[in-house]
Amino acid sequence: MVPNITIVHYPWGYEKRITYKKLDLVQYGKTLGVDVVEVASIRDAYRYFTGYNLITTTTPIEPALPKVFTSILENTTNLFIDNATILINNTRQCLDKINPFYRSGINTLLNKAEDEIEQARKYLDSGEIVLAVNTGFKAVYIASYAYWLTQTIIDSNNLDQLVNIVNKTISSATAKLEEYENKPLTIGLYDIIVAGESRLSESIQYYEKAMDDIKSNDLGSAVDDLVYSLWKAKSIDTWLETARTQYNSKPINPGRIYETTITLYGIAESIVSYAYTLAKDLGSTPNELERALNQIDLARKYVAENNTFRAIGSIASAMANAIISIHILFVDNNAVRQELCKKIEYETLLDLSRLATNNTIPILPMYYIVYGMELYNNNQYLNALASYILASIHTKIIEYSIGKNIIKPPEIKPVENPGIANTRTITTTITKTETVTPKTPSTSIDYSSILVGLVTGILIGLTIMYLLNKKSKQTQGLPQ
């Protein structure tokens with residue numbers, strides 16, 4: 001299916017209409033004198049373009065989180081549930097103090113929080129730990145909102161108390177992260193710092209938004225933003241707890257992290273710009289695009305401030321949301337999403353398997369892989385796709401930041417009868433490059449072709465899956 005845009009002009013303005021029509025690209029290509037070949041993956045596309053196969057000597061690793069980390073997630077889920085339960089009970093005890101006009105709305109929030117608690121427990125019982133902790137987060141966020149909204153209705157001065165609590169929580173989380181950022185960088189610390197800084201960035205963003213809400217006298221929105229900020233900052237403790245296990249001590253060169261981040265930022269800018277232009281042309285703006293635009297603005301700010309770890313989280317989020325936006329604009333088909341999820345999962349697990357051979361499995365990408373699997377198994381295919389994309393991005397950042405010593409690139413072999421391209425021999429020479437300090441950009445290491453390959457693979461995958469099928473507030477976005 002391809003979009004067909006019709007613009008009808010009226011004296012008072014115009015109306016844009018979008019319809020979709022089927023287009024057989026193979027037949028259409030013949031009318032242009034072009035042979036169109038349908039392919040199932042980027043590997044097949046590479047073979048047709050170059051005449052060479054990408055051969056991997058590894059097999060995908062089994063997707064699983066370390067037991068020590070799943071125990072931490074389970075404890076965090078129970079902590080969220082316990083806090084949510086206390087907040088629900090405390091709120092119900094205060095309902096007789098507020099105007100009956102507000103009680104119905106508060107009770108709706110409390111019922112919703114209880115539903116999330118029940119669902120989180122079900123996920124725990126079924127062993128879907130990442131879904132459980134994310135659902136537990138929703139429960140305590142909603143319960144917190146109901147409690148503090150009630151307190152604010154009783155006395156608006158209670159909002160000052162909430163502001164102070166959030167402010168202290170953010171300050172405490174910042175100090176804890178700074179302590180780990182001063183240590184020698186390892187894969188384990190990368191996981192913790194990037195996950196922590198991503199959550200801290202979001203917490204600060206919503207805190208600042210709450211301050212604007214208060215200035216506008218929009219106290220309901222201020223409470224909403226403050227409690228989200230509060231629990232986002234508190235969730236950092238889950239990752240800091242992992243640091244105490246000393247998991248994954250393989251060292252990472254901070255200079256490589258910086259260079260990879262700068263390259264990835266440039267690619268993210270291009271993807272977000274493309275998604276924005278496409279949305280404008282089609283007259284539709286997915287919510288994911290709004291998030292992508294917000295995150296790329298934050299990434300730009302963090303890059304300018306040399307805040308590399310915080311930039312990584314915003315860049316990854318911007319890329320994932322922009323890619324999902326492009327997917328939504330082209331495809332509305334769960335079958336496509338299902339197949340694409342599996343292809344990204346397979347390729348990412350291949351990358352992780354190469355890291356695993358050196359006992360350096362990173363938790364953060366595997367967290368997103370497992371979350372993607374759990375979402376997929378619960379028919380939440382769009383969120384699953386977003387999680388898989390985040391897993392792929394973080395895997396590549398770590399893979400390229402460790403250095404060439406442990407990474408074995410795919411073997412390239414000529415194939416017989418490759419189709420479009422001719423068979424020939426490739427000779428490559430790898431030269432050693434100098435490392436750089438984290439704050440000094442350098443062009444000595446060219447990651448652009450590798451990272452472009454990553455992103456192009458995802459985007460081409462989206463387009464390929466689309467052609468093959470010829471078809472055609474906060475807690476609802478990317479993983480917590």
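Count residues from 1 along the sequence. Side chains included, hydrogens not; waters and symmetry mates left out as well; all remaining heavy atoms used. Everything numeric here is computed off the predicted structure, so don't read it as measured data.
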* **Lys342 NZ/CZ over Tyr376 ring centroid, <6.0 Å and within 45° of normal** => yes
* To do: Could you tell me whether the side chain of Phe80 reaches within less than 4.5 Å of the side chain of Ile117, counting heavy atoms only?
  => no
* For Thr238 and Thr76, run side-chain hydrogen bond (donor to acceptor under 3.5 Å, both in side chains): C-alpha distance rounded to whole Å, both residues' side-chain angles, the deciding distance at 0.1 Å, then the answer. => CA-CA 7 Å; Thr238 300; Thr76 301; 3.1 Å; yes
* Where Ile324 and Ala386 come nearest, the two heavy atoms and their spacing -> CD1-N, 3.8 Å
* Asked: Should Leu385 and Glu345 count as side-chain neighbours, where that means a heavy-atom distance under 4.5 Å?
  -> no
* Identify whether the distance between the nearest side-chain nitrogen and carboxylate oxygen of Lys396 and Glu399 falls below 4.0 Å. => yes
* Asked: Would you call Arg310-Glu305 a salt bridge at under 4.0 Å N-O?
  -> no
* Asked: Sub-3.5 Å donor-acceptor pair from the side chain of Ser387 to the main-chain atoms of Ala384, do we have one?
  -> no
* Asked: Are Asn75 and Leu79 side-chain neighbours, meaning at least one heavy-atom pair lies under 4.5 Å?
  -> no
* **Test side chain to side chain contact (heavy atoms under 4.5 Å, CB included) applied to Thr395 and Ile369, Leu364, Leu352, the passing residue** => Leu352
* **Output field: ring centroids Tyr388/Tyr368 closer than 6.0 Å** => no
* **Heavy-atom check, side chain of Leu189 versus side chain of Ile252, under 4.5 Å** => no
* Where do Ala143 and Ala84 come nearest, in terms of heavy atoms and distance? -> CB-O, 3.7 Å
* Asked: Are Phe69 and Trp239 close enough that their ring centres sit under 6.0 Å apart?
  -> yes
* To do: For the pair Tyr367 and Tyr371, name the ring-plane relationship: parallel under 30°, tilted 30 to 60°, perpendicular over 60°.
  => tilted
* To do: Taking atom types as modelled, find out whether Thr308 and Thr261 have a side-chain donor-acceptor pair closer than 3.5 angstrom.
  => no
* **Side-chain touch Asp225/Asp212, heavy atoms, less than 4.5 angstrom** => no
* **Atom pair CD1/CD1 of Ile170 and Ile204 - distance to nearest 0.5 Å** => 6.0 Å
* Hey, are the side chains of Ile315 and Tyr302 touching, using non-hydrogen atoms and a 4.5 Å cut-off? -> no
* Side-chain contact, heavy-atom cut-off 4.5 Å: Met319 with Leu390? -> no
* Pairwise distance OH(Tyr141) to CH2(Trp231) - rounded to 0.5 angstrom -> 13.5 Å
* **NZ/NE/NH1/NH2 to OD/OE distance under 4.0 Å, Glu116 and Lys138** => no
* Asked: Hey, are the side chains of Ile312 and Ile257 touching, using non-hydrogen atoms and a 4.5 Å cut-off?
  -> yes
* To do: Check for a donor-acceptor pair, side chain of Thr70 on one end and backbone N or O of Lys67 on the other, with a separation under 3.5 Å.
  => yes
* To do: Kindly indicate whether a cation-pi arrangement holds for Lys112 with Tyr145, taking the cut-offs as under 6.0 Å to the six-membered ring centre and within 45° of the axis.
  => no
